J.: 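My questions will all concern the structure given below.
Residue numbers start at 1 and run along the sequence shown. On a predicted model such as this, the values are computed, not experimentally measured, just so you know.
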Amino acid sequence: QVQVVESGGGLVQSGGSLRLSCAASGSIFSIYNMGWHRQAPGKQRELVATIFSGGSTNYADSVKGRFTISRDNAKNTVYLQMNSLKPEDTAVYYCNADVATIKTSAFVYRYWGQGTQVTVSS
């Protein structure tokens with residue numbers, strides 16, 4: 001079993017910064033890609049950023065230049081540094097970890113965290 005837990009959300013004023021963290025734990029054989037998605041009220045979940053196993057990254061156009069994704073492989077943790085936040089960044093942010101478990105190392109499954117609320121006031 002694999003658990004994915006996010007932390008670091010909260011309320012911030014427009015122009016401010018927040019740092020989200022996401023740690024994966026449990027019967028992990030290997031973690032491949034990790035990423036962040038978000039879902040605003042009444043909208044579909046959208047990809048925010050991905051960091052691949054080799055360290056390369058990908059960002060949604062709406063956050064390029066403002067958000068930075070990084071990972072600490074020793075801690076099975078991914079971070080999202082969010083700067084210059086805007087009210088339209090308000091959403092529940094979900095972390096994903098693509099994991100091969102000890103039991104099924106030949107297969108990679110996507111595990112999701114429970115989400116953390118980010119609210120940006122104008």
J.: Looking at Glu6 and Cys22, would you say the former's side chain and the latter's main chain have a donor-acceptor pair under 3.5 Å?
T.: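 The answer is no, because no donor-acceptor pair under 3.5 Å joins these two groups.
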J.: Can you confirm whether Arg45 sits close enough to Trp112 that some side-chain heavy atom of one is under 4.5 Å from a side-chain heavy atom of the other?
T.: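 Arg45 vs Trp112: side chains touch.
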J.: Quick one: CG on Leu18 to OG1 on Thr116, what's the gap to the nearest 0.5 Å?
T.: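 It is 9.0 Å, given to the nearest 0.5 Å.
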J.: For residues 7-19, pull every pair meeting side chain to side chain donor-acceptor pair (under 3.5 Å), keeping only residues two or more places apart or in separate chains.
T.: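 Pairs touching residues 7-19 that pass the test: Ser17-Asn83.
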J.: Considering all heavy atoms of both residues, which atom of Ile31 and which atom of Ala97 are nearest to each other, and what is their separation?
T.: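 Minimum heavy-atom separation between Ile31 and Ala97: CG2-CB, 4.5 Å.
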J.: Shared ILVMFWY cluster between Val92 and Leu85, side chains joined below 4.5 angstrom?
T.: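 No; tracing contacts between hydrophobic side chains, which count when under 4.5 Å, never links both residues.
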J.: Quick one: closest heavy-atom pair of Ala100 and Tyr32, and the distance?
T.: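 For Ala100 and Tyr32, the tightest heavy-atom pair comes out as CB-CE1, 3.9 Å.
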J.: Check Gln114 against Val5 and note the closest heavy-atom contact, atom names and distance.
T.: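 Closest approach of Gln114 to Val5: OE1-CA, 3.9 Å.
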J.: Assign the ring pair Phe107 / Tyr109 to parallel, tilted or perpendicular, where the plane angle (0 to 90°) is split at 30° and 60°.
T.: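 The rings of Phe107 and Tyr109 sit tilted, inter-plane angle from 30° to 60°.
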J.: Taking Val2 as the starting point, is it possible to reach Ile51 by hopping between hydrophobic residues whose side chains are less than 4.5 Å apart?
T.: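 Linked within one cluster.
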J.: What's the verdict on side-chain contact (heavy atoms from CB on, under 4.5 Å) for Val118 and Leu20, showing C-alpha distance, side-chain angles and the deciding distance?
T.: CA-CA 9 Å; Val118 172; Leu20 305 183; 4.1 Å; yes
J.: At their closest point, which heavy atom of Val4 faces which heavy atom of Cys95, and how far apart are they?
T.: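 Scanning both residues completely, I find the closest heavy atoms to be CG1-SG, 3.8 Å.
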J.: State, with a plain yes or no, whether a side-chain heavy atom of Phe52 is found less than 4.5 Å away from one of Asn33.
T.: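 Side chain of Phe52 against side chain of Asn33, heavy atoms only: contact under 4.5 Å found.
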J.: Would you indicate whether the side-chain heavy atoms of Phe29 and Thr101 approach each other to under 4.5 Å?
T.: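 When only atoms from C-beta onward are counted, Phe29 and Thr101 do not touch, as no gap falls below 4.5 Å.
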J.: Could you check if a side-chain atom of Phe67 sits within less than 4.5 angstrom of a side-chain atom of Asp89, using non-hydrogen atoms only?
T.: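 Contact flag for Phe67/Asp89 side chains = yes.
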J.: If you round to the nearest 0.5 Å, how far is CD of Gln117 from CG of Leu11?
T.: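 The CG atom of Leu11 sits 9.5 Å away from the CD atom of Gln117.
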J.: Within the 4.5 Å heavy-atom criterion, are Val120 and Glu88 side-chain neighbours or not?
T.: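 In short, these two side chains do not touch, never coming nearer than 4.5 Å.
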J.: Looking at Asp61 and Lys64, is there a salt bridge between them, counting it only when a charged N and a carboxylate O are closer than 4.0 Å?
T.: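 Yes, this pair counts.
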J.: Do His37 and Asn96 touch side chain to side chain, with heavy atoms closer than 4.5 Å?
T.: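 Yes. Closest side-chain heavy atoms under 4.5 Å.
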J.: So which heavy atom on Ser21 is nearest to which on Trp36, and how close?
T.: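 Scanning both residues, the minimum pair turns out to be O-CH2, 3.6 Å.
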J.: Is there a side-chain contact between Thr50 and Ile69, using heavy atoms and a 4.5 Å cut-off?
T.: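 Contact flag for Thr50/Ile69 side chains = no.
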J.: Could you list all the side chain to side chain donor-acceptor pair (under 3.5 Å) pairs where at least one residue sits in residues 69-79, not counting sequence neighbours?
T.: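 Residue pairs passing side chain to side chain donor-acceptor pair (under 3.5 Å), neighbours aside: Arg71-Asn73.
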J.: Any heavy-atom pair between the side chains of Arg66 and Met82 that's under 4.5 Å?
T.: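 Sidechains of Arg66 and Met82: no contact.
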J.: Work out which heavy atom in Arg38 is nearest to a heavy atom in Ser62; give both atom names and the distance.
T.: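 Taking Arg38 first and Ser62 second, the nearest heavy atoms are NH2-OG, 3.4 Å.
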J.: Is there a path of hydrophobic side-chain contacts, each under 4.5 Å between heavy atoms of I, L, V, M, F, W or Y residues, that connects Tyr59 with Val48?
T.: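 In one cluster with Tyr59: Val48, yes.
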